[in-house]
Protein chains: 2
Amino acid sequence: MERLTKNRERVKEILCNSDHPLTAYDISKECPEMSLTTIYRALDYLVRNGHVKSFTFNEYTYFLPSERHEDFFLCTSCGRFFQLEHCFASSYEQNLREKGMVPKDHLILITGFCSECNEKLHLQTQM
Amino acid sequence: MERLTKNRERVKEILCNSDHPLTAYDISKECPEMSLTTIYRALDYLVRNGHVKSFTFNEYTYFLPSERHEDFFLCTSCGRFFQLEHCFASSYEQNLREKGMVPKDHLILITGFCSECNEKLHLQTQM
DNA sequence: CTAACTGCAAACGGTTTGCACCTGT
DNA sequence: ACAGGTGCAAACCGTTTGCAGTTAG
């Protein structure tokens with residue numbers, strides 16, 4: 001029978017304490033004493049048991065607590081995630097249910113420049 | 001100077017004729033005479049020159065004509081994409097611009113079961 | 001003629017797996 | 001004692017790159 005070990009609890013804790021999705025590599029930087037293999041297996045366990053969920057974007061798989069919703073703005077310049085305040089997905093989902101589909105989850109990712117990076121880039125082009 | 005060769009035109013044509021995003025591998029099945037390397041390089045050329053755009057989901061990079069919008073329902077049972085009729089991204093984007101962010105692109109992906117797969121799964125559980 | 005295109009094989013990088021060892025019950 | 005957890009090294013697989021040969025303007 002599978003167990004929620006110290007390592008696995010620690011991985012979950014790191015994800016819960018972070019306000020944005022993390023990659024396995026991000027987690028390994030927080031606890032270098034744990035091998036990457038163990039982190040991947042911990043994440044696999046946590047996903048299988050419903051503690052966390054994941055999505056893949058630009059080569060990387062990101063993990064986040066499953067109760068968190070997955071609507072983000074990603075700044076392609078500094079790589080930071082910003083959570084979107086309102087979730088409009090329910091309107092989509094209503095639409096789909098009317099057609100017989102059964103939506104389970106969603107990923108909304110808007111990319112662009114955050115205000116800080118946008119300012120920096122503006123200053124550069126003015127020089 | 002880079003050229004829009006026969007191969008590259010063919011790749012673009014395949015993407016334009018498809019009603020859903022395709023992976024490099026999907027394309028290679030349509031034209032097995034072209035090497036995977038050439039397909040990847042063609043896709044790279046087409047993205048750089050604004051003919052097509054891409055997004056990554058679950059290990060695979062999907063390509064689609066750049067004028068197409070990227071709002072899909074993905075059936076996790078049969079793997080088919082269904083285009084969503086209405087694009088609600090503008091509601092998010094308005095919100096972001098008010099905070100000084102500059103949205104450029106978006107990916108909206110709702111996952112679940114399509115009506116056919118849902119029916120099949122229903123029948124199975126009834127037996 | 002020459003710059004760009006192509007295919008092969010090898011490299012790359014994030015993720016997974018086989019195996020031997022360790023740990024908790 | 002034994003099922004399950006862990007770390008290392010190797011495998012895996014989608015994608016990229018180096019290189020030598022080919023093609024098109």
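Below, chain A is the first sequence line, B the second, and so on; all start at residue 1.
In this structure, T37(B) does not reach the dT16(D) phosphate: none of its side-chain N or O atoms is under 4.0 Å from OP1 or OP2. Applying the 4.0 Å criterion to OP1 and OP2 of dC8(D), one finds that S35(A) has every side-chain N and O outside that range. Phosphate contact (OP1/OP2 of dT16(D), side-chain N/O of Y40(B), threshold under 4.0 Å): absent. Distances shown here put every side-chain N or O of N7(A) at or beyond 4.0 Å from the OP1 or OP2 atom of dG5(D). For R3(B) and dG25(D), the shortest distance from a side-chain N or O to OP1 or OP2 is not below 4.0 Å.
Closest to the T38(A) side chain, of the nucleotides dT6(D), dT15(D), dG14(C), is dT6(D). When distances are taken from the side chain of T61(B) to each of dC8(D), dT15(D), dC5(C), the shortest belongs to dT15(D).
Between E30(B) and R10(B) no salt bridge is recorded (no basic side-chain N to carboxylate O distance below 4.0 Å).
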* Asked: After noting the C-alpha distance and the side-chain angles of F81(B) and Y62(B), does the key distance pass the ring-ring contact (aromatic ring centres under 6.0 Å, His included) rule?
  -> CA-CA 11 Å; F81(B) 282 98; Y62(B) 291 87; 5.1 Å; yes

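The residue among R41(B) and M1(B) whose nearest nucleotide of DNA chain C lies closer to the 5′ end is M1(B).
Checking N118(A) against S115(A) by side-chain atom types alone, no donor-acceptor pair falls below 3.5 Å. For the residue pair Q83(B)/H20(B), the side-chain donor-acceptor check at 3.5 Å is not satisfied.
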